[in-house]
Number of protein chains: 2
Amino acid sequence: MYRNHTCGELTIANVNNEVILAGWVHKVRKMGGGMTFVDLRDRYGVTQLFFSKDNNADLYEQANKLGREYVIQVQGNVQERASKNMNIPTGEIEIIASGLNILNISELPPFTIEDETDGGDDIRMKYRYLDLRRNAVRRNLELRHKIAFETRNFLNDRRFLEVETPVLIGSTPEGARDFIVPSRMNPGEFYALPQSPQLFKQLLMVSGFDRYFQIVKCFRDEDLRADRQPEFTQIDCEMSFVNQEDVLNIFEDLTRHLFKIVKGIDVPAFPRMDYAHAMKYYGSDKPDTRFEMKFVELKDLTVGKGFVVFDSAEYVGAICAKGAASYTRKQLDGLTDFVKRPQIGAKGLVYVRYEADGTLKSSVDKFYSQEDLKKWAERCQAEPGDLILILCGETEKAQKQLCELRLEVGEQLGLKDKNNFSCLWVVDFPLLEKDEELNRYFAKHHPFTSPKEEDFPLLDSDPGAVRANAYDMVINGVEVGGGSVRIHNSELQNKMFSVLGFTQEKAQEQFGFLMNAFKYGAPPHAGLAFGLDRLVSLFAGLDSIRDCIAFPKNTSGRDVMIDAPSRVDQDQLDELNLKIDIKE
Amino acid sequence: MYRNHTCGELTIANVNNEVILAGWVHKVRKMGGGMTFVDLRDRYGVTQLFFSKDNNADLYEQANKLGREYVIQVQGNVQERASKNMNIPTGEIEIIASGLNILNISELPPFTIEDETDGGDDIRMKYRYLDLRRNAVRRNLELRHKIAFETRNFLNDRRFLEVETPVLIGSTPEGARDFIVPSRMNPGEFYALPQSPQLFKQLLMVSGFDRYFQIVKCFRDEDLRADRQPEFTQIDCEMSFVNQEDVLNIFEDLTRHLFKIVKGIDVPAFPRMDYAHAMKYYGSDKPDTRFEMKFVELKDLTVGKGFVVFDSAEYVGAICAKGAASYTRKQLDGLTDFVKRPQIGAKGLVYVRYEADGTLKSSVDKFYSQEDLKKWAERCQAEPGDLILILCGETEKAQKQLCELRLEVGEQLGLKDKNNFSCLWVVDFPLLEKDEELNRYFAKHHPFTSPKEEDFPLLDSDPGAVRANAYDMVINGVEVGGGSVRIHNSELQNKMFSVLGFTQEKAQEQFGFLMNAFKYGAPPHAGLAFGLDRLVSLFAGLDSIRDCIAFPKNTSGRDVMIDAPSRVDQDQLDELNLKIDIKE
């Protein structure tokens with residue numbers, strides 16, 4: 001060992017100890033008068049070293065020549081500091097250096113290794129190994145380790161077995177695009193990287209594994225957004241002989257356990273909200289329930305007063321922003337611009353200010369009397385000082401727009417506190433989603449999700465109305481996990497394939513091995529997968545999952561540090577029987 | 001929940017309890033006289049169900065119709081059995097069934113779900129999900145879970161952080177063949193799947209992570225042997241500010257901890273054996289030290305007696321098989337055939353029998369007197385009743401042949417007990433290996449392995465003699481882990497590249513980002529990786545790693561269950577700018 005203590009552990013209790021430390025030179029402070037302080041940093045903390053000309057002139061000279069990020073080993077005696085720093089655990093002591101060994105030198109880093117660094121995004125990604133030296137970044141990865149570790153403990157205690165499923169699997173054309181891997185030994189054939197271990201975990205249930213989990217890399221070749229990565233990590237789980245409530249309870253327990261042990265927060269029991277309710281009151285299947293501001297439908301109160309915009313709209317919906325009557329004209333214009341942005345696409349925004357004096361002022365005063373507006377306000381449970389914001393249009397679209405507006409106003413009013421965690425289950429999702437263009441149904445989750453028993457008859461008469469035994473865990477408007485009770489019966493599975501428009505042949509081709517497996521005694525089973533990246537970024541209060549990944553890729557799927565992907569030798573392609581064929 | 005107990009937990013203490021169980025029908029035994037027993041199986045055990053016509057005729061009829069592997073739910077009352085089976089935990093009780101619910105039917109499985117099954121290898125791989133129902137197979141995966149879990153606990157306790165490194169990385173032409181992954185977003189470019197996270201873990205040390213580990217999938221596109229898989233799992237570790245002994249000690253502790261907690265075995269401290277010693281006495285860098293039978297060199301005692309085979313050989317080496325003088329002519333011929341097999345390639349085998357009466361009989365009696373043979377026997381520490389076996393030839397080749405012979409004889413004499421574990425460290429590996437054909441040196445481990453400081457001067461004068469700070473953990477002749485102290489200094493790294501014949505440009509192209517990283521203060525660091533598959537199969541006493549992998553591939557790299565790899569649509573290849581080009 002190059003040290004007998006870390007830089008984070010020496011305290012007043014160690015005074016007079018002879019110690020050896022090793023780490024990086026964080027700062028050199030030449031005080032004049034023959035005194036130099038060096039802050040020595042490692043993963044565990046920072047310890048102050050003291051070099052004095054009087055003590056040892058040679059050593060003092062050497063210390064003065066140390067550059068930022070040099071790696072050194074120091075021997076010395078622990079002493080109480082004259083001027084203490086009570087903000088750090090080692091702040092009461094310093095090391096009177098008696099030996100110094102430069103283990104490695106360093107060029108000047110391209111940005112400062114500080115919580116608030118001077119490096120921009122691009123340079124920090126290129127030098128990710130230096131970015132990772134910053135406390136702020138390392139702490140995210142320590143948190144990630146802790147969450148994964150505690151998750152494993154929790155599940156192991158409950159007799160879940162972690163089973164590794166293969167990474168080189170077959171391609172399934174349904175769903176997102178697969179990454180594929182050419183097989184040298186099987187010319188012209190390809191493996192695919194898994195988008196999830198879905199089929200394998202269901203096979204493990206058929207195998208009687210009873211309780212399975214895996215913290216596992218998954219892959220999706222999608223065009224990337226800020227919170228997407230081509231490779232991401234799931235906490236993937238499956239259980240046999242359980243129903244939906246059993247699954248919700250155990251993973252709610254896991255989540256509350258993680259909040260408690262990792263963040264010291266007691267999170268209350270998670271409410272269950274059905275999908276229809278979430279859409280009606282929040283316009284989203286992942287409502288941010290840190291604040292209320294639920295949708296209020298006003299259509300019936302607005303018709304027949306000559307305002308053709310509302311009269312012709314299928315849906316008129318409002319939110320009530322408490323205490324926001326003070327919004328200025330400019331702020332209201334800002335909100336109007338916000339909802340008119342092409343990504344949101346509303347035609348306009350109607351507001352009603354409930355003034356402190358009890359009068360109501362709106363952007364549609366021309367059409368509606370004080371009495372009319374009072375009725376709106378009543379239904380919105382608005383009080384003097386509140387601001388009512390109204391959107392209208394085709395129901396689903398208008399609800400989505402109102403959802404965006406609600407989140408924006410919530411942000412402006414400071415209701416989206418990152419240290420406040422509001423968790424819930426959204427349940428009773430629709431089983432199917434119709435693609436109007438193709439005029440066919442797709443599985444909203446995947447084709448193995450079971451319909452609710454009471455909705456079986458609707459599979460023929462009204463497939464779109466069938467609800468699934470499917471559930472999402474939502475925290476602060478983020479879907480952190482989701483799953484379903486699976487179909488375990490071949491007959492129902494065949495029915496499902498036929499509703500989805502799969503021929504017997506196509507179903508056999510794509511899912512044959514699962515359907516075959518189900519012939520040999522599949523137990524009732526259900527499961528769920530958490531997005532570990534999202535869970536960690538939520539716990540860490542990050543805006544992007546990128547910051548909780550050690551070596552992330554950019555939005556072009558590139559790792560700019562190692563410069564991958566890259567070209568390969570033609571020899572290598574020849575062995576794989578491949579030719580590159582780029583169309584100009 | 002479909003049950004309130006598992007099939008493995010009810011005992012005499014539960015008598016008179018009303019319980020609900022769920023599981024698979026393992027066996028139906030119709031006893032006649034209106035009585036039927038059903039063995040109900042789940043992951044946790046087997047519980048006997050009792051159906052009687054007198055109790056409930058309907059239920060009795062239903063039970064008689066149950067097929068093997070049907071999935072059922074049963075309600076009933078726990079009663080003490082008349083005829084007990086003390087071999088299983090539930091063997092003192094049975095359930096008097098009062099309710100039966102068939103959750104799923106099953107076709108007749110293609111082989112029996114028993115420890116000793118009637119299914120051959122191929123059919124069991126095709127129906128792996130049924131093979132996994134067998135206790136023997138499931139237990140291997142439970143063991144795998146336990147080893148991984150306890151490894152994480154151990155390393156977490158010692159402040160190791162598990163950090164996920166990327167799976168989509170860049171291709172490195174050195175070493176084994178990479179699997180590559182075409183990038184859609186970067187036309188004509190490819191990711192590679194990692195053969196190990198080597199570079200990333202070293203970067204994490206540069207980042208100050210201090211102690212890293214990861215249980216991680218790695219990939220190698222090699223022609224497969226019985227104990228190789230295209231994807232395999234490593235326990236990958238790296239530490240900063242440590243020397244070789246620190247690394248050996250911590251991972252020896254880990255291994256001994258695993259033996260203790262998983263198998264209840266106290267394994268003694270691991271001896272360190274240097275590479276030269278291992279080659280000289282065992283002809284292998286992974287000696288099986290469960291038994292002695294070390295090589296004895298006889299060259300000097302054999303020359304000048306007119307036996308030209310020995311006279312002309314560079315090396316004459318013997319092993320002494322204790323108590324094997326009773327080997328018959330046929331057995332000796334068998335050993336001769338064994339060493340003459342083309343995989344081994346010896347020209348012949350010389351034996352000396354030390355008879356019980358003190359006389360020596362050899363296959364070279366023509367050339368050597370009793371006195372000569374006595375001298376050989378003395379050096380071999382042979383006693384009456386022992387058998388001396390001798391091979392000769394070019395030193396390295398003959399040692400390898402003698403190694404194979406030693407292992408074969410050890411097997412025949414029952415010295416390779418799977419329940420006896422002999423662990424050691426092999427250290428001081430050569431840094432370089434010469435490819436005589438290409439007349440250049442290759443790194444024996446990888447180009448970042450540090451040479452021993454005292455051997456630095458030899459880098460120029462005699463590179464082949466330089467020893468590395470490299471080490472392997474060997475258990476029962478299996479290399480379960482290996483690693484090295486890394487080069488952390490740019491200058492030495494450049495020197496190393498030049499010895500390996502890399503131009504500056506080529507080194508920069510392939511390892512540029514690591515060399516750049518080392519400019520910014522790389523700490524001294526060292527690490528190691530365990531092969532998890534090998535470790536588990538060793539603990540489980542398996543002959544192949546395949547049996548401790550849930551869904552393994554065959555020797556053509558195929559998963560016969562899901563039939564992967566497979567062809568993909570041309571559309572998919574078009575998106576990737578690829579064409580298949582199979583030369584006939």
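To find a chain, count down the sequence lines: A is the first, B the second, and so on, and within it residues start at 1. Every heavy atom of this structure was used, including side-chain atoms; hydrogens, water molecules and symmetry mates were not.
Between A/Pro197 and A/Cys218, the closest side-chain pair of non-hydrogen atoms falls below 4.5 Å. Residues A/Arg133 and A/Glu69 are in side-chain contact: their nearest non-hydrogen atoms beyond the backbone lie under 4.5 Å apart. The side-chain heavy atoms of A/Arg3 and A/Asp42, taken from C-beta on, include a pair separated by under 4.5 Å.
For chain B, no part of A/Asp563 is nearby; none of its heavy atoms comes within less than 4.5 Å. Contacts between B/Tyr520 and chain A at a heavy-atom distance below 4.5 Å involve backbone atoms as well as side-chain atoms. Heavy atoms of B/Leu193 lying under 4.5 Å from chain A belong exclusively to its side chain. Contact annotation for A/Ala148: neither backbone nor side-chain heavy atoms come within less than 4.5 Å of a heavy atom of chain B. Heavy atoms of B/Lys519 lying under 4.5 Å from chain A belong to its backbone as well as its side chain. The part of A/Glu222 that comes within reach of chain B is its backbone (N, CA, C, O), which places non-hydrogen atoms under 4.5 angstrom from that chain. Within the 4.5 angstrom heavy-atom criterion, only backbone atoms of A/Leu108 (N, CA, C, O) approach chain B. Contact annotation for B/Val163: only side-chain heavy atoms (C-beta onward) come within less than 4.5 Å of a heavy atom of chain A. Only the backbone of A/Ile105 comes within less than 4.5 Å of a heavy atom in chain B; its side chain stays farther off. For chain B, no part of A/Gln73 is nearby; none of its heavy atoms comes within less than 4.5 Å. Contact annotation for A/Arg159: both backbone and side-chain heavy atoms come within less than 4.5 Å of a heavy atom of chain B. For B/Ser240, the part sitting under 4.5 Å from any heavy atom of chain A is the backbone (N, CA, C, O) and nothing else. Contact of A/Leu155 with chain B is not made at all, since no heavy-atom distance falls under 4.5 Å. Residue contact with chain B, scored on non-hydrogen atoms closer than 4.5 Å, involves the backbone and the side chain of A/Arg211 alike. Heavy atoms closer than 4.5 Å to chain B are found in the side chain of A/Glu575, but not in its backbone. A/Tyr44 touches chain B through its side chain: at least one heavy atom from C-beta onward sits under 4.5 Å away, while N, CA, C and O do not. Proximity to chain A is limited to the side chain of B/Leu532, based on heavy atoms less than 4.5 angstrom apart. For a residue to count as touching a neighbouring chain, one of its non-hydrogen atoms must lie under 4.5 Å from one of that chain's; by this rule B/Asp246 touches chain A with the side chain only. Only the side chain of B/Leu573 has a heavy atom closer than 4.5 Å to any heavy atom of chain A. Heavy-atom distances place both the backbone and the side chain of A/Ser566 under 4.5 Å from chain B. At a 4.5 Å heavy-atom cutoff, A/Leu199 makes no contact with chain B through either its backbone or its side chain. Of the atoms belonging to A/Asn153, heavy atoms from both backbone and side chain fall under 4.5 Å from chain B.
Using a 30° and 60° split on the angle between ring planes, A/Phe179 and B/Tyr191 fall in the perpendicular class, above 60°. Relative ring orientation between B/Phe160 and B/Phe213 is described as perpendicular, the plane-to-plane angle rising above 60° on a 0-90° scale split at 30° and 60°. Ring geometry, B/Tyr129 versus B/Tyr127: the interplanar angle exceeds 60°, so the pair is classed perpendicular (tilted spans 30 to 60°).
A salt bridge is absent between A/Arg68 and A/Glu107: the closest approach of a Lys/Arg side-chain nitrogen to an acidic carboxylate oxygen does not fall below 4.0 angstrom. With respect to B/Arg138 and B/Glu142, a salt bridge is recorded, a charged nitrogen being found less than 4.0 Å from a carboxylate O. A/Arg184 has no carboxylate O lying under 4.0 Å from a charged side-chain N of B/Asp178, or vice versa, which leaves the two without a salt bridge. One finds a salt bridge joining B/Glu231 and B/Lys217 here, because a Lys/Arg side-chain nitrogen approaches an Asp/Glu carboxylate oxygen to under 4.0 Å. Electrostatic pairing of B/Lys146 and A/Glu162 does not count as a salt bridge here, judged by no charged N lying under 4.0 Å from a carboxylate O.
In this structure, CD in A/Gln202 is found 5.5 Å from CG in A/Leu514, a value given to the nearest 0.5 Å. Note that the CG atom of A/Asn489 and the CZ atom of A/Phe518 stand 9.5 Å from one another [nearest 0.5 Å].
With chain A as the partner, the residue from B/Gly557, B/Gly512, B/Ala522 showing the most heavy-atom pairs under 4.5 Å is B/Ala522. In terms of heavy-atom pairs under 4.5 Å with chain B, the best-connected choice from A/Ala550, A/Ala564, A/Pro552, A/Ala517 is A/Ala517. Heavy-atom pairs under 4.5 Å with chain A were tallied for B/Ile72, B/Leu103, B/Val25; the largest tally goes to B/Leu103. Among A/Asn186, A/Leu203, A/Leu578, the residue with the largest count of heavy-atom pairs under 4.5 Å with chain B is A/Asn186. Taking B/Gly170, B/Pro187, B/Pro524, B/Gly67 one by one and counting their heavy-atom pairs under 4.5 Å with chain A, the maximum is reached by B/Pro524. Ranked by heavy-atom pairs under 4.5 Å with chain B, the list A/Val206, A/Leu168, A/Ile215 is led by A/Leu168. Per-residue heavy-atom pair counts under 4.5 Å with chain B were compared for A/Asp221, A/Leu141, A/Val568, A/Asn243, and the maximum is reached by A/Asp221. Chain A forms more heavy-atom pairs under 4.5 Å with one residue of B/Tyr70, B/Phe219, B/Phe149 than with any other, namely B/Phe149. For the set A/Val181, A/Val242, A/Leu161, A/Val71, the entry with the most heavy-atom pairs within less than 4.5 Å of chain B is A/Leu161. With chain A as partner, the option from B/Gln572, B/Lys579, B/Glu245 having the largest number of non-hydrogen pairs under 4.5 angstrom is B/Lys579. Per-residue heavy-atom pair counts under 4.5 Å with chain B were compared for A/Arg567, A/Met205, A/Met185, A/Arg152, and the maximum is reached by A/Arg152. Chain A forms the most heavy-atom pairs under 4.5 Å with one residue out of B/Ile580, B/Asp559, B/Asn156, and that residue is B/Asn156.
Under the 3.5 Å distance criterion, with hydrogens and angles disregarded, a donor-acceptor pair is assigned to the side chains of B/Thr233 and B/Arg144.
Under the salt bridge (charged side-chain N to carboxylate O under 4.0 Å, His left out) criterion, A/Lys126 pairs with no residue at all, not counting sequence neighbours.
Put simply, the residue from A/Ser183, A/Ser171, A/Pro182 that forms a side-chain contact (heavy atoms from CB on, under 4.5 Å) with B/Pro565 is A/Ser183.
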